[in-house]
Amino acid sequence: MIFAGLDARLDRMPSTVSTYLARLDATPTWTRHPDTTHYAASTMKVAVLVALYRALEAGRLTPDTAVPVRNEFDSAQPGAARFACTRPVPNDDDVWDRLGGTAPLGWLAERMIVRSSNLATNLLLEQVGLPAVADVWARAGARHSSTGRGIEDFAAHAAGITNPVTAADLAALLRDLALGATRPGPLATPESCTAMLDILVAQEHREDLAAGLPAGTRIAHKNGWVRGVRHSVGVVYPDDAPPYVLAVCSTGDHPDRSPDEETCQLIADISARAFAHRHQLG
C-alpha cells in the first residue's frame, strides 16, 4: 500500500485526520475517515463561490453589482440579534478598508478566496442566500456537508446551526468544478467553472497542500483554519500526469498539542506523497 506508512503516522496523532485522494474520473486511491464530519472553517467558501456563479449565470446578479460594505448581518437563528465579524490580523484589509462604501460582487468573490476574507464571505452570503449554497452541496452529491450559517454567527452556533464538511464531500465539490471546466456538469457552465478554478489557483494561502508540491505546479485549492482545525482541498495539475483531487481535514482533539504549523507540515507531507505517486493513482 502506497500510503500504509502514512496511515500509521496519522494513527499516532492526537487529532482526527480525514483524507480523500483520487484522479478526477476514478475511484479513490486512498481514503481515511472520508465521511467523518469536521467544522468547515473557510473551506465552505468554495460552495459560496459556486452559488454566486450560478446566480450570475441565471442573471439574478452581475459581477459589477455594487453592494454596500457593512459589518452587520442577520443571524441564521430566528429572533437572534444581528452579528458582526471580528477584524482579523492583516489578512483581508482590502475589504475592511471599504467599510461604509461599496464593492462589486466579482471583486468580493476574489477576496473571499484569494485572501479568505470572512467579511467578503458574509456579504456574498447575503446576496446569494443559504438555500442557494445548500443547492450547490446537493448538486455535488455531498452526503454530510452543509452551510447553515455565516461566519461568526455565534447565536446560530449556540443553537446547533453549523457548517460541517467531510473530506469526501469537499473532494466531490472540487472534482465537479474541475470536470465542469471540460464538459457540462452539475455545478455551472464550463466557462463559469473555468473562471472559478482560476480564482482558486490564485489563492494566496499556500502553506499546506501547495507547500508540498514542486514549485510552479498548478493547484486550484482552498484551505480553512480555526484553532485546532486545519483543512485543505484542491485539484492538482501535474505536467506529466492526469489531474487529481486531494482533500485533507484535521481536527485536533487537544488543540494545544497540535500547533497549526505542525498540521500545515503534515498536510504538505501528504500532498508531497500524493504527487510523488501521481502516476500510480486510479
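Atom NE2 of His157 is surrounded by 12 or fewer heavy atoms from other residues, nucleotides or ligands within 6.0 Å.
Put simply, the side chain of Thr65 never gets that close to the backbone of Leu61: no donor and acceptor are under 3.5 Å apart. Arg70 contributes a side-chain N or O that, together with a main-chain N or O of Glu72, makes up a donor-acceptor pair within less than 3.5 Å. Ser145 places no side-chain N or O within 3.5 Å of a backbone atom of Ala142 that could act as its donor or acceptor partner. With hydrogens and angles disregarded, no donor-acceptor distance shorter than 3.5 Å links the side chain of Asn163 to the backbone of Ala41. Here the side chain of Glu152 pairs a donor or acceptor atom with the backbone of Thr86 at under 3.5 angstrom. Within the 3.5 Å criterion, the main-chain N or O of His33 finds a donor-acceptor partner in the side chain of Ser18.
Geometric assessment of Arg23 against the ring of Tyr244 yields a negative cation-pi assignment under the 6.0 Å and 45° thresholds.
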### Task
Kindly determine whether Arg87 and Asp97 satisfy salt bridge (Lys or Arg N to Asp or Glu O under 4.0 Å), including the steps that lead there.
CA-CA 11 Å; Arg87 184 164 184 166; Asp97 289 346; 3.4 Å; yes
### Query
How far apart are the C-alpha atoms of Asp198 and Arg218, what are their side-chain angles, what is the distance that settles it, and do they pass the salt bridge (Lys or Arg N to Asp or Glu O under 4.0 Å) test?
CA-CA 10 Å; Asp198 286 344; Arg218 179 178 170 87; 3.4 Å; yes
### Task
Determine, stepwise, if the pair Glu261 / Arg230 fulfils salt bridge (Lys or Arg N to Asp or Glu O under 4.0 Å).
CA-CA 10 Å; Glu261 295 81 2; Arg230 167 66 67 161; over 6 Å; no
### Message
Run Asp92 and Arg115 through salt bridge (Lys or Arg N to Asp or Glu O under 4.0 Å) and show every step you take.
### Response
CA-CA 6 Å; Asp92 59 343; Arg115 292 303 299 168; over 6 Å; no
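At least one side-chain heavy atom of Leu266 sits less than 4.5 Å from a side-chain heavy atom of Arg9. In this structure, the side chains of Val248 and Val233 stay at 4.5 Å or more apart for every pair of heavy atoms. With a 4.5 Å cut-off on side-chain heavy atoms, Arg278 and Val236 do not count as touching. Counting heavy atoms from C-beta on, the side chains of Cys249 and Val17 never come closer than 4.5 Å. Residues Thr36 and Thr16 are in side-chain contact: their nearest non-hydrogen atoms beyond the backbone lie under 4.5 Å apart. Using a 4.5 Å heavy-atom threshold, the side chains of Leu187 and Leu173 count as touching. Between Pro63 and Leu56 there is a side-chain heavy-atom pair separated by less than 4.5 Å. When side chains are defined from C-beta on, Asp208 does not count as touching Ser271, because their heavy atoms never get closer than 4.5 Å.
Paired with Val235 under the rule side-chain contact (heavy atoms from CB on, under 4.5 Å), one option of Leu246, Leu177, Leu174, Leu200 passes, and it is Leu174.
A distance of 13.5 Å separates SG of Cys264 from CZ of Arg206, quoted to the nearest 0.5 Å. Remark: Lys45 NZ to Met112 CE distance equals 8.0 Å, nearest 0.5 Å.
If you check the side chains of Asp169 and Thr166, you find a donor sitting under 3.5 Å from an acceptor.
A salt bridge links Arg54 with Asp135; the closest basic N to acidic carboxylate O contact falls under 4.0 Å. Salt bridge annotation for Asp94-Arg111: present, with a cationic side-chain nitrogen under 4.0 angstrom from a carboxylate oxygen.
Among residues at least two apart or in separate chains, salt bridge (Lys or Arg N to Asp or Glu O under 4.0 Å) pairs with a member in residues 31-40 are Asp7-Arg32, Asp11-Arg32, Asp35-Arg143.
Using cut-offs of 30° and 60° on the angle between ring planes, the pair His231 and His38 is perpendicular.
Hydrophobic cluster membership for Val226: Tyr39, Val229 (Ile, Leu, Val, Met, Phe, Trp, Tyr linked by side-chain heavy atoms under 4.5 Å, directly or transitively).
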